[in-house]
Amino acid sequence: MEFCCVDKIDRKILALLQRDSSLTAEQIGEKVGLSKAPCWRRIQRLTTSGVIQRSVALLDPKLVNLKTTVFVMVKTASHSSEWIERFAKAVQRIPEVIELHRMSGDVDYLLRIVVPDIGGYDVVYKKMIAAVEMFDVSASFVLETIKSTTMLPLDYLLLD
């Protein structure tokens, strides 16, 4: 869906909400030069249109005992729709898999997995290989996270 009705004020609202979604419409309105009601209507329009998908609380993985992040590259010998469906369903049932991407290039799928430790990854790995056949699975463990953000750059947003 392409969104066409965004202006500079909407972009400011989106930037503020990406930084802190707990801000009230009144607080956001003060920062962007609107009163509470028009600001709230803009936020509702951005939500209804799908630009704002949801508001969430971001947790510190270490403080919830998820100290190990693993990027897993999967190659498959089968590219049938049945295989893809089984794989996607299997991954959906594993809460430690927090991202799944179908890729171009040498790797077919890239997963981001969070677990307490290497043993936790081994449990997830065994669930994956039990659910569906894979040609090759390789894992890379994150040693240090240098940058991690959920904020999308808004400079590319098409404005009215």
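In what follows, every heavy atom counts, from backbone to side chain, and hydrogens, waters and symmetry copies are set aside.
- Both Leu46 and Leu23 are part of a single hydrophobic cluster, where members link through side-chain heavy atoms under 4.5 Å apart.
- Separating the CZ atom in Arg45 from the CH2 atom in Trp40 is a distance of 12.5 Å, to the nearest 0.5 Å.
- Taking the six-membered ring where tryptophan is involved, the planes of Tyr121 and Tyr125 are tilted, since the angle between them lies from 30° to 60°.
- Counting heavy atoms from C-beta on, the side chains of Leu157 and Leu14 come closer than 4.5 Å.
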Name each donor-acceptor pair under 3.5 Å that joins a side chain in residues 93-102 to protein atoms two or more places apart or in another chain, with its distance.
unit_1: Glu99; atom_1: OE1; unit_2: His101; atom_2: NE2; d: 2.8
unit_1: Glu99; atom_1: OE2; unit_2: Arg112; atom_2: NE; d: 3.0
unit_1: Glu99; atom_1: OE2; unit_2: Arg112; atom_2: NH2; d: 2.7

Acceptor/donor pairs from residues 129-142 side chains to any protein atom, 3.5 angstrom cut, sequence neighbours excluded:
none

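- Taking Asp117 as the reference, nothing meets the salt bridge (charged side-chain N to carboxylate O under 4.0 Å, His left out) condition, with sequence neighbours excluded.
- To the nearest 0.5 angstrom, Leu58 atom CG is 4.5 Å from Thr150 atom OG1.
- By the salt bridge (charged side-chain N to carboxylate O under 4.0 Å, His left out) test, Lys126 is found to be paired with Asp122, residues two or more places apart in sequence or in another chain being considered.
- Between atom NZ of residue Lys31 and atom CD of residue Gln27 there is a gap of 7.5 Å, rounded to the nearest 0.5 Å.
- Nearest heavy-atom pair across Ile43 and Ile13 is CG1-CG2, 3.8 Å.
- Under the 4.5 Å side-chain heavy-atom criterion for Ile, Leu, Val, Met, Phe, Trp and Tyr, Leu159 and Val32 are members of the same hydrophobic cluster.
- The two atoms that bring Gln18 and Leu152 nearest to each other are OE1-N, 2.5 Å, heavy atoms only.
- With sequence neighbours excluded, the residues satisfying salt bridge (charged side-chain N to carboxylate O under 4.0 Å, His left out) with Asp7 are Arg42.
- Put simply, the side chain of Glu30 reaches to within 4.5 Å of the side chain of Glu26, judged on heavy atoms.
- Contacts of Lys89 classified as salt bridge (charged side-chain N to carboxylate O under 4.0 Å, His left out), with partners at least two apart in sequence or in another chain: Glu85.
- Side-chain contact between Trp83 and Thr76: present, with at least one pair of heavy atoms (C-beta onward) separated by less than 4.5 Å.
- At a threshold of 4.5 Å between non-hydrogen side-chain atoms, the residues Leu111 and Met128 count as touching.
- Here the closest non-hydrogen pair linking Ile28 and Cys39 is CG2-SG, 3.5 Å.
- No single ILVMFWY cluster, assembled from side-chain heavy atoms under 4.5 Å apart, contains both Ile113 and Val123.
- When the shell of 6.0 Å around CG of Asp60 is examined, it contains more than 12 heavy atoms from other residues, nucleotides or ligands.
- In this structure the side chain of Asp108 reaches within 4.5 angstrom of the side chain of His79, judged on heavy atoms.
- Here Ile118 contributes atom CD1 and Lys67 contributes atom NZ; the two are 13.0 Å apart, rounded to the nearest 0.5 Å.
- The cluster map of Ile, Leu, Val, Met, Phe, Trp and Tyr, joined by side-chain heavy atoms under 4.5 Å apart, puts Val74 and Val115 in the same cluster.
- At a threshold of 4.5 Å between side-chain heavy atoms, the hydrophobic network of Ile, Leu, Val, Met, Phe, Trp and Tyr places Val64 and Val114 in one connected group.
- Rounding to the nearest 0.5 Å places CG of Leu34 at 9.5 Å from NZ of Lys12.
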